[in-house]
Amino acid sequence: MKTYDDLSEFVEEENVKFIRLAFIDALGNQKNIAIMPGELPRAMKEGISIDASAVPGFGSAERSDLFLHPDPETITIVPWRPIDGRVARMFCDVAYPDGKPFERDTRLILKNAVKAAQDKNIRINFGPEIEFYVFRQDENGNPTKEPLDHAGYMDIDPCDRGDNIRREVCFTLLDMGIVPEASHHEQGPGQNEVDFRYSDPLSTADNTETLKWAVRSICDSNGMTADFSPKPLADEPGNGMHINISVESGEGKNVTKPFMAGIMKYIRDFTLFLNPESESYSRLGVQKAPAFISWSEQNRSQLIRIPAADEGRKRMELRSPDPEANPYLAYALLIYAGLSGIEENLAPEPSLDVNLYTADPEMTAGLKRLPATLAEAAAAARRSEFVQKYVPSDILEIYCERV
């Protein structure tokens with residue numbers, strides 16, 4: 001859908017009575033304002049005003065007006081809302097009153113990164129693997145730390161009690177135009193994973209936000225709470241958001257290795273945006289979450305592994321990010337780092353075909369490490385020319401202030 005007429009026809013045919021205009025704050029939280037269908041012409045032509053001073057990273061009270069401009073290609077029905085008087089959602093771009101794009105809109109930051117890749121005839125796809133815990137609620141509907149079950153990796157029912165929730169999530173994603181590829185119980189008690197089909201970076205970021213929203217809503221409707229935090233239970237596996245990345249050059253060049261080398265060169269600088277919580281660093285370095293900047297074929301103890309696949313599905317899997325990352329900012333920085341690797345004609349260090357969790361300390365002592373704390377990650381980001389080039393200073397400070 002690209003025009004108001006397309007949207008108007010969709011709204012009428014689907015009996016839509018509320019339209020949620022969604023946007024993303026600096027930390028990756030989805031926000032929205034609902035309008036009635038009669039306001040759609042104004043939204044498409046002029047945008048809908050919001051108070052930017054109330055949104056982290058968006059502005060001060062002196063210059064507080066920003067406008068949401070809906071992206072008509074992202075409209076979808078919200079399946080868990082009532083059928084009688086349906087609710088639709090569109091992602092929006094954010095702009096100043098004069099129409100100038102708002103530079104701290106992380107969706108815009110990702111669009112600019114994609115454009116930079118396109119200008120170099122590079123095509124990139126992302127596919128995240130998003131983990132989450134499901135906890136029971138108490139009698140007042142408040143979350144507890146009691147897991148839904150005590151099943152293990154890829155267990156089946158009745159041990160796995162998350163099966164019905166994952167199934168409902170997958171059907172919901174299909175209704176919203178997102179194709180789920182796989183879902184299963186993860187290693188932790190009450191821990192689950194739902195994966196959807198890879199796509200271009202912007203669509204994947206939108207889909208990442210949609211999946212997290214759907215999971216939270218469906219769990220809540222079942223008297224449960226979904227927890228995407230990196231370390232919900234201290235002695236259990238953390239939640240990761242492994243990111244599968246495929247890169248192609250329109251000129252037929254093999255750019256995967258230099259792209260990967262660029263990520264490895266700059267990842268210390270922008271780990272703050274891949275792992276933005278203090279507890280993110282309790283996850284790294286244990287239970288299949290990486291601590292060192294290294295790579296290997298298939299090896300799950302590495303920062304980047306090359307999964308076994310046929311030649312047409314070759315990709316790299318980055319294993320350090322967690323689900324609290326803002327996907328728009330994370331994907332943008334991965335693109336820019338990879339493009340830098342191509343521009344600088346970088347080559348990755350030799351692969352390490354060892355288990356880094358059991359390796360001799362003398363061997364690992366010479367390896368570069370990811371930041372070990374949020375403070376270390378913030379310090380690396382603050383002094384990084386790479387981060388300063390691509391992340392607006394106000395957004396950088398919001399992340400650094402969380403230390």
Side-chain angles (χ1 to χ4, degrees), residues 20 22 24 27-32 76-83 86-87 89 128-176 178-196 206-242 276-277 279-280 282-283 287 289 321-327:
R20 291 189 175 195
I24 309 300
L27 297 173
N29 301 307
Q30 186 179 164
K31 307 284 189 179
N32 79 187
T76 183
I77 295 295
V78 181
W80 59 87
R81 302 300 296 158
I83 293 177
R86 304 186 82 177
V87 177
R89 187 227 51 208
E129 302 171 9
I130 302 171
E131 297 171 343
F132 58 94
Y133 275 77
V134 178
F135 294 116
R136 299 183 185 277
Q137 296 177 350
D138 64 20
E139 62 275 11
N140 297 316
N142 298 313
T144 70
K145 287 297 183 180
E146 180 186 352
L148 173 61
D149 59 41
H150 291 277
Y153 184 65
M154 289 194 175
D155 278 348
I156 61 172
D157 60 316
C159 295
D160 168 21
R161 296 185 177 179
D163 182 67
N164 287 337
I165 287 177
R166 295 196 306 274
R167 181 177 60 191
E168 189 174 347
V169 167
C170 289
F171 285 148
T172 297
L173 293 178
L174 281 171
D175 287 343
M176 300 181 81
I178 301 171
V179 180
E181 282 199 327
S183 65
H184 60 87
H185 199 285
E186 260 297 340
Q187 289 183 279
Q191 189 183 31
N192 297 266
E193 177 177 312
V194 177
D195 307 331
F196 55 82
D206 288 345
N207 292 346
T208 301
E209 289 288 336
T210 300
L211 180 142
K212 291 168 69 175
W213 181 32
V215 168
R216 289 188 175 111
S217 297
I218 290 167
C219 284
D220 188 69
S221 69
N222 283 277
M224 306 290 169
T225 295
D227 190 331
F228 290 91
S229 65
K231 197 71 171 173
L233 298 174
D235 298 324
E236 299 292 348
N239 285 324
M241 185 176 72
H242 303 159
E277 304 283 345
E279 63 184 59
S280 298
S282 299
R283 169 183 163 265
Q287 295 166 318
D322 65 60
E324 290 298 325
N326 178 335

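None of the values given here were measured: they were computed from a predicted structure. Keep in mind that the numbers below use all heavy atoms, side chains included, and drop hydrogens, waters and symmetry copies. One is the number of the first residue; the rest follow in order along the sequence.
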Ignoring hydrogens and angles, state whether a donor on the side chain of [X] or [Y] is under 3.5 Å from an acceptor on the partner side chain.
X: Thr144; Y: Asp138; answer: no
X: Glu324; Y: Ser229; answer: no
X: Asp160; Y: His184; answer: no
X: Asn239; Y: Gln191; answer: yes
X: Arg89; Y: Thr210; answer: yes

How are the rings of Trp80 and Trp213 set relative to one another: parallel (under 30°), tilted (30 to 60°) or perpendicular (over 60°)?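 Judged by the thresholds at 30° and 60°, the geometry between Trp80 and Trp213 is perpendicular.
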Are the side chain of [X] and the backbone of [Y] linked by a donor-acceptor contact shorter than 3.5 Å?
X: Gln187; Y: Tyr153; value: no
X: Glu279; Y: Lys231; value: yes
X: Asn164; Y: Gly162; value: no

Does the distance from a Lys or Arg side-chain N to an Asp or Glu carboxylate O, for Asp227 and Lys145, drop under 4.0 Å?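 Counted as a salt bridge, because a side-chain N and a carboxylate O are separated by less than 4.0 Å.
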In a check of side chain to side chain contact (heavy atoms under 4.5 Å, CB included) between Gln137 and each of Asp220, Asn222, Asn142, which one passes?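 Single side chain to side chain contact (heavy atoms under 4.5 Å, CB included) partner of Gln137 among Asp220, Asn222, Asn142: Asp220.
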What's the separation between atom [atom1] in [X] and atom [atom2] in [Y], rounded to the nearest 0.5 Å?
X: Phe228; Y: Ile130; atom1: CZ; atom2: CD1; value: 7.0 Å
X: Asp195; Y: His242; atom1: CG; atom2: NE2; value: 10.0 Å
X: Glu168; Y: Ser221; atom1: CD; atom2: OG; value: 5.0 Å
X: Glu193; Y: Glu131; atom1: CD; atom2: CD; value: 5.0 Å

A side-chain contact here means heavy atoms from C-beta on lying under 4.5 Å apart; do [X] and [Y] qualify?
X: Ile218; Y: Val169; answer: yes
X: Met224; Y: Leu148; answer: yes
X: Asn207; Y: Ile178; answer: yes
X: Leu233; Y: Pro189; answer: yes
X: Val87; Y: Ile77; answer: no
X: Phe196; Y: Val179; answer: no
X: Phe132; Y: Pro323; answer: no
X: Ser280; Y: Asp322; answer: yes

Per the side-chain hydrogen bond (donor to acceptor under 3.5 Å, both in side chains) rule, which among Asn192, Asp149, Asp157 passes with His185?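 For His185, the side-chain hydrogen bond (donor to acceptor under 3.5 Å, both in side chains) check succeeds only for Asp149.
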Is the number of heavy atoms from other residues, nucleotides or ligands under 6.0 Å of Arg136 CZ greater than 12?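 It does: Arg136 CZ has more than 12 such atoms within range.
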